[in-house]
2 protein chains.
Amino acid sequence: MSALPGTCPSGDEKVVLFGLLLETNARMARDLSAELEATCALPLAWFEVLLQLRQAPDGRLKMSQIADAIVHSTGGTTRLIDRLEEASLVERQLCPTDRRAIHVAITAEGNRRLDDALAVHLNYLDQHLAGRLGASERRSLTSLLTKLNVPADR
Amino acid sequence: MSALPGTCPSGDEKVVLFGLLLETNARMARDLSAELEATCALPLAWFEVLLQLRQAPDGRLKMSQIADAIVHSTGGTTRLIDRLEEASLVERQLCPTDRRAIHVAITAEGNRRLDDALAVHLNYLDQHLAGRLGASERRSLTSLLTKLNVPADR
DNA sequence: GACAAGTAATTGCATATGCAACTATACTAG
DNA sequence: CTAGTATAGTTGCATATGCAATTACTTGTC
């Protein structure tokens with residue numbers, strides 16, 4: 001009413017939903033990030049990388065795969081991996097079949113730090129995810145987000 | 001096996017769901033951001049602020065309300081509003097009842113730019129939201145995210 | 001095999017952001 | 001009314017990130 005509802009669909013259902021997605025994500029990421037930082041001294045971005053590496057079939061990924069998985073630019077990923085390597089949590093390895101590519105592998109130290117962080121993370125999720133959504137709701141949410149999470153543009 | 005699955009629940013259903021939330025959000029935000037930037041020269045963060053202001057009862061919010069709504073630190077919000085004000089899209093106004101507080105109001109120019117951006121935004125959402133989720137799925141998602149989007153910590 | 005086009009990662013630069021310290025104002029208790 | 005505490009916003013500083021240009025390598029074509 002206050003802003004010409006006809007011309008300005010700021011209250012549109014889809015707009016509200018998208019805003020809710022942004023806000024919910026930001027809130028949870030910020031809270032979890034603070035908790036990881038406080039208890040494990042591990043930035044959320046580092047945690048994401050280590051998690052991706054562990055989930056990878058052979059515990060290693062190429063730079064570009066990491067960039068895609070965590071939705072960073074390749075430049076940003078280079079610097080992020082620089083820091084992780086500096087902290088001895090991952091290791092750059094040559095790719096035997098493509099000399100342009102770099103394999104990033106998690107180290108023993110990285111695995112240890114990830115275990116610590118996972119404990120904190122799981123505790124957080126028990127409280128803030130499982131505490132608010134039941135198992136079937138979580139399955140629904142997973143299904144809905146999967147439909148939205150389309151890699152490329154269209 | 002490569003990482004002691006028993007001790008390392010990296011494939012835990014909740015962990016996967018949370019990762020999916022992060023990834024979906026990042027992907028959509030990045031795509032929409034690029035589109036807004038390209039077509040309207042309006043950063044996503046600016047769009048978020050303008051949208052919040054329009055949705056506010058009287059078209060203005062205090063700094064701290066904005067910070068909370070868009071999940072930024074207060075320091076970050078100060079700078080963000082600095083830039084928006086510099087671009088004449090918002091205006092700082094004194095609060096008559098509390099001299100510590102600042103009212104941020106959207107300007108006519110801000111409203112115009114927001115209208116442009118909303119058109120782009122709605123088009124994006126038609127493709128990427130409504131194109132992938134039906135109306136009842138969107139209602140479900142809204143409901144689920146609402147349960148997760150709890151303002152404070154506990 | 002040589003050249004063109006494509007791909008992987010890195011770098012320089014600009015910018016956006018958070019944290020902690022600080023200032024100014026408001027509230028509360030005595 | 002004064003002192004102490006809480007709150008709103010801003011600032012200095014450090015850091016993380018994206019974009020565009022660059023380098024190095026690969027692939028496809030003739």
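The structure presented is a predicted model; accordingly, all values stated were derived computationally and were not measured. Residue numbers start from 1 in every chain, and the chains themselves are labelled A, B, ... in the order their sequence lines are given, proteins ahead of strands.
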**Message:** Measure CG/Asp68(B) against P/dT7(D) and give the value in whole Å, please.
**Reply:** 15 Å
**Message:** Measuring to OP1 and OP2 of dA14(C), would you say a side-chain N or O of Arg83(B) lies under 4.0 angstrom away?
**Reply:** no
**Asked** Between the base of dG9(D) and the side chain of Arg99(B), is there any donor-acceptor pair under 3.5 Å?
**Response** no
**Atom-pair distance (CE on Met63(A); P on dT17(D)), nearest Å** = 13 Å
**Item:** Separation of atom CZ in Phe47(B) from atom P in dA16(C), rounded to whole Å
**Value:** 18 Å
**Message:** Checking contacts here: which listed nucleotide (dA8(D), dG18(D), dA9(C)) is nearest the side-chain heavy atoms of Ala101(B)?
**Reply:** dA8(D)
**Request:** Indicate whether OP1 or OP2 belonging to dG9(D) is found under 4.0 Å from a side-chain N or O atom of Ser64(B).
**Result:** yes
**Message:** Both Gly75(A) and Arg100(A) contact DNA chain D. Taking the nearest nucleotide for each, which residue is further toward the 5' end?
**Reply:** Gly75(A)
**Item:** Leu51(B)-Leu42(B) co-clustered via ILVMFWY side chain contacts under 4.5 Å
**Value:** yes
**Asked** Does Arg92(B) make a side-chain N or O approach to OP1 or OP2 of dT10(D) shorter than 4.0 Å?
**Response** yes
**Message:** Any carboxylate oxygen within less than 4.0 angstrom of a Lys/Arg side-chain nitrogen, looking at Lys62(A) and Asp68(A)?
**Reply:** no
**Prompt:** Whole Å only: how far is the CD atom of Glu37(A) from the C1' atom of dA16(D)?
**Reply:** 12 Å
**Fill in**
Here the distance between atom P of dT17(D) and atom CD1 of Ile66(A), to the nearest Å, is 13 Å
**Prompt:** Roughly how many Å is it from CD in Gln65(A) to C1' in dA9(C), rounded to a whole number?
**Reply:** 13 Å
**Request:** Write down the distance between CD (Glu48(A)) and P (dA16(D)), rounded to a whole number of angstrom.
**Result:** 14 Å
**Prompt:** Quick one: Asp82(A) CG to dA16(D) P, roughly how many Å, whole number?
**Reply:** 11 Å
**Message:** Any salt bridge linking Arg132(A) with Glu137(A)? Criterion: basic side-chain nitrogen under 4.0 Å from a carboxylate oxygen.
**Reply:** no
**Message:** I'd like to know if Leu21(B) and Val15(B) are part of one continuous hydrophobic network [Ile/Leu/Val/Met/Phe/Trp/Tyr, side-chain heavy atoms within less than 4.5 Å].
**Reply:** yes
**Request:** Give the nucleotide from the list dA9(C), dG9(D), dA26(C) with an atom nearest to the side chain of Asp98(B).
**Result:** dA26(C)
**Request:** Compare side-chain N and O positions of Arg79(A) against OP1 and OP2 of dT11(C) and report whether any pair is under 4.0 Å apart.
**Result:** no
**Message:** One thing to verify: whether Glu109(B) and Arg112(B) come together as a salt bridge, which I'm taking to mean a side-chain N less than 4.0 angstrom from a carboxylate O.
**Reply:** yes
